[in-house]
Amino acid sequence: MRALAVAGDMCYTTQDYEFWSDPILVWGYEHRAVDAAECCASCHAQRRLLERGGTAEGRNGSACNTWAFCGDRAKCKERFGECWLKRNKQLNETRPPELPKGASKSEGWISGAVYENDTHLQQFSGHELVFHTKHGDITMALLPDLAPNSVAELRRAALMLAPYNGYCQNCRIYRPEKNFLVQGVIEAPGVYPAVPRHPSPPQKMVMEKGLVCWAGGSGGPHWFVNMIDQSGFKDDHLCFAKASNASMAVFDKILELPMKNKTKPSDMNGLLEPIFYNMTLRKPQR
């Protein structure tokens, strides 16, 4: 299954499958959507209605977690645009990218699933986060003890990108500062790893070389890797990962790349050409 995000809501989707579920919450004969994104959003909207207490008991007292949209005009014919909202009681027995139970081939249909908690992320609890650059892989161990919410969002973001081989449309490294830091950003449609800065566990009073933290005293999406041990930041920056020794050598290469000319001495350094990267999760290599 692939991931689809609209207005910050995520659905895991698959093409040419229909997800059969019981109960059916909204019948597609009477409920049409413009596209799969709108059907995904409709499932989330029904869930919020339920949270507000706006549905009745019985069938309408169940929260949508699967949907099916008939999106191929030629194949769907008079059923084109149907958006069925459903409840699959066995959904959490599977994890993306597996298909849910009750999925069957059906050309022209796009079906999606909404997972209600982070149980589908647990299988990646021991995985490293990897930025794949043309200068080499940047591998980092995630630090849930320091930044649990950030780590959960980064795992979710990487899982969303997984069907696209980690392609992260505008993820890039853009700022090199010798004897200080290298800075980048995580940006792609539907990928929103930023979290509130507080509350979070206390941070290390000495930011060690190799710690990867959110920039600007915020919770993302701009990040930096510390190139030296520093104590001046105190508890200001939320650190979510530690880069490997081999990855620090990649950052050393980046520090030697050509930089833009500054218009004034106080300007930050900037790479002449930003380094774009893909983002994946990977089991630690022994």
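- Using a 4.5 Å cut-off on side-chain heavy atoms (C-beta onward), Val26 and Ser42 make no contact.
- Between Trp84 and Tyr29, the distance separating the two ring centers is shorter than 6.0 angstrom.
- With sequence neighbours left out, Glu256 forms a salt bridge (charged side-chain N to carboxylate O under 4.0 Å, His left out) with Lys178.
- Remark: Lys253 pairs with no residue by the side chain to side chain contact (heavy atoms under 4.5 Å, CB included) rule, at least two apart or across chains.
- Within 6.0 Å of CG on Asp267 lie more than 12 heavy atoms contributed by other residues, nucleotides or ligands.
- In this structure Lys77 satisfies the side chain to side chain contact (heavy atoms under 4.5 Å, CB included) test with no other residue, sequence neighbours excluded.
- Between Phe19 and Trp67, the ring center distance fails the sub-6.0 Å criterion.
- Inter-residue side-chain proximity for Arg87 and Ser21 is flagged as unmet; no heavy-atom pair is nearer than 4.5 Å.
- For Asp145, the salt bridge (charged side-chain N to carboxylate O under 4.0 Å, His left out) criterion is met by no residue, not counting sequence neighbours.
- Listed by first and then second residue, the ring-ring contact (aromatic ring centres under 6.0 Å, His included) pairs that reach into residues 130-151 are Phe131-Trp223, Phe131-Tyr277, sequence neighbours excluded.
- Other residues, nucleotides and ligands contribute only 12 or fewer heavy atoms inside 6.0 Å of the NZ atom of Lys260.
- Ile138 has its side chain out of reach of Val225: every pair of non-hydrogen atoms, C-beta onward, lies at least 4.5 Å apart.
- Both Phe251 and Leu257 sit in one connected hydrophobic cluster of ILVMFWY residues. Membership requires side-chain heavy atoms under 4.5 Å apart, directly or through other members.
- Listed by first and then second residue, the ring-ring contact (aromatic ring centres under 6.0 Å, His included) pairs involving residues 256-276 amount to none (not counting sequence neighbours).
- Cys168 pairs with Cys171 as a disulfide, the SG atoms being under 2.5 Å apart.
- Every salt bridge (charged side-chain N to carboxylate O under 4.0 Å, His left out) that Arg79 has, sequence neighbours left out, goes to Glu82.
- Contact annotation: the side chain of Met227 approaches that of Asp252 to within less than 4.5 Å [non-hydrogen atoms, C-beta and beyond].
- Taking Ile, Leu, Val, Met, Phe, Trp and Tyr as members and joining any whose side-chain heavy atoms lie under 4.5 Å apart, directly or through other members, the hydrophobic cluster of Val185 also contains Tyr174.
- Considering only heavy atoms from C-beta on, Leu181 stays 4.5 Å or farther from Gln230 through its side chain.
- Few gaps surround NZ on Lys262; more than 12 heavy atoms of other groups in view lie less than 6.0 Å from it.
- Not counting sequence neighbours, the partners of Thr139 by the side chain to side chain contact (heavy atoms under 4.5 Å, CB included) test are Glu128, Val130, Asp137, Ser244, Ser247, Arg282.
- No continuous path of hydrophobic side-chain contacts links Leu25 to Val114 [ILVMFWY only; heavy atoms under 4.5 Å].
- Listed by chain and number, the residues in a side-chain hydrogen bond (donor to acceptor under 3.5 Å, both in side chains) with Arg175 are Glu177, Gln183 (sequence neighbours excluded).
- With sequence neighbours left out, Gln15 forms a side chain to side chain contact (heavy atoms under 4.5 Å, CB included) with Ile110.
- Remark: Arg73 qualifies as a cation-pi partner of Phe80 under the 6.0 Å distance and 45° angle criteria applied to the six-membered ring.
- The two residues Asn269 and Pro176 make their nearest non-hydrogen contact at CB-O, 3.1 Å.
- The salt bridge (charged side-chain N to carboxylate O under 4.0 Å, His left out) test applied to Glu208 returns Lys204, Lys242, not counting sequence neighbours.
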### Query
Can Arg32 and Glu38 be said to form a salt bridge (charged side-chain N to carboxylate O under 4.0 Å, His left out), step by step?
CA-CA 9 Å; Arg32 306 271 172 156; Glu38 187 172 70; over 6 Å; no
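- Contact detail for Cys213 and Phe240: the closest heavy-atom pair is C-CE2, 3.8 Å.
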